[in-house]
Amino acid sequence: MELKRERVREHLLGVIDGRRPGDAIPSERTLCATLGVSRPTLRAAVDELVATGLLVREHGRGMFVAPDKITQELVAEHRAAGAPRSRGNWTSTVLQLRTVRAGARIGRRLAISPAAELVHVTRLRHVGGAPIALEHLHVPADLVPGLTAADMEGGFYAHLRERRGIRTAHAVQSIEPTVLSEEEAALLEVPVLSPALLFDRTTSDTNGRPVEYVRSLYRGDRYRIVSRLALGDDTTGDPAADAARGGAWWGTVE
């Protein structure tokens, strides 16, 4: 099963990546023709990108790439950050596993050619039997030949380490608010346009090679992020600088 809005969103994100803040993007009519989707489907994806601050609409003029966002890092690059597992019994259901071309945007994330093959896995994460998150994982196909849905049911990083000899070392992750489409909401068993947390993560191995790009949607009514900051005697008095000096974050399901 392919989530139609996910395909439209990925195309729009690629368009945004190739432009600068303030640049116009193609019209709705052009995008609908290019993607072969209806205008309501396109507008749903555009609405989400407007809500998350990636696009802006100007009445009578069209759609434009939004100004750059101000980013606050929770953990400084030189500090290690632990991510303890959230409480509860986590399970996964693979909805789709297929081999596709990387494309320009994900190819850049994984440092591979746009024509290179990758494995795209869509899975639903549960805690205590309740759906909590919808994940889209992208892994270079040559790293995981013969990957099956059963391989994804357990811990994927454990699979990489024990079956593929790949040890993950660090990741860069962003977290933003968003809302759920009709398809996403149905899978997560919440009303349409319910709030959610959007996680965007690129993971690299011990050699600095990108091995995974993940885009995840977590239910906003069941998931939150807690940040613990270590403040030493060498604080500067600047809250932003002191907060960036170090800390660890993890998610909690309630």
Handout entry: Side-chain donor-acceptor pair present, Arg108, Tyr213, cut-off under 3.5 Å
Key = no
Problem - Polar contact flag, side-chain donor to acceptor under 3.5 angstrom, Arg125-Ser92 - result: yes
Problem - Arg163 atom CZ, over 12 foreign heavy atoms within 6.0 Å - result: no
Side-chain ([X]) to main-chain ([Y]) donor-acceptor, under 3.5 angstrom:
X: Arg19; Y: Ala24; answer: yes
X: Arg222; Y: Pro131; answer: no
X: Glu184; Y: Ser181; answer: yes
X: Thr34; Y: Thr30; answer: yes
X: Asn207; Y: Arg209; answer: no
X: Arg101; Y: Ala115; answer: yes

Problem - Same cluster (ILVMFWY, side-chain, under 4.5 Å), Phe64 and Leu49 - result: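 Each belongs to a different hydrophobic cluster.
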Could you give the distance from [atom1] ([X]) to [atom2] ([Y]), rounded to the nearest 0.5 Å?
X: Leu110; Y: Ser204; atom1: CG; atom2: OG; result: 9.0 Å
X: Asn89; Y: His126; atom1: CG; atom2: NE2; result: 11.5 Å
X: Leu42; Y: Glu28; atom1: CG; atom2: CD; result: 5.5 Å
X: Leu180; Y: Leu193; atom1: CG; atom2: CG; result: 8.5 Å
X: Leu134; Y: Leu95; atom1: CG; atom2: CG; result: 6.5 Å
X: Tyr157; Y: Glu212; atom1: OH; atom2: CD; result: 3.5 Å

Exercise for the section: Let me see the working for Glu48 and Thr178 under side chain to side chain donor-acceptor pair (under 3.5 Å), right down to the final yes or no. Expected result: CA-CA 7 Å; Glu48 178 187 337; Thr178 187; 3.1 Å; yes
Problem - Within-4.5 Å side-chain heavy-atom neighbours: Leu137 and Arg123 - result: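 Side-chain contact under 4.5 Å: yes.
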Problem - Close side-chain approach of Arg5 to Glu182, heavy-atom, < 4.5 Å - result: no
Handout entry: Charged N-O contact under 4.0 Å between Lys4 and Glu183
Key = no
Practice task
Let me know which of His136, His120, His138 forms a side chain to side chain contact (heavy atoms under 4.5 Å, CB included) with Ile106.
Solution key: His138
Problem - Contact summary for Leu217 and Leu188, nearest pair of heavy atoms - result: O-CD1, 4.3 Å
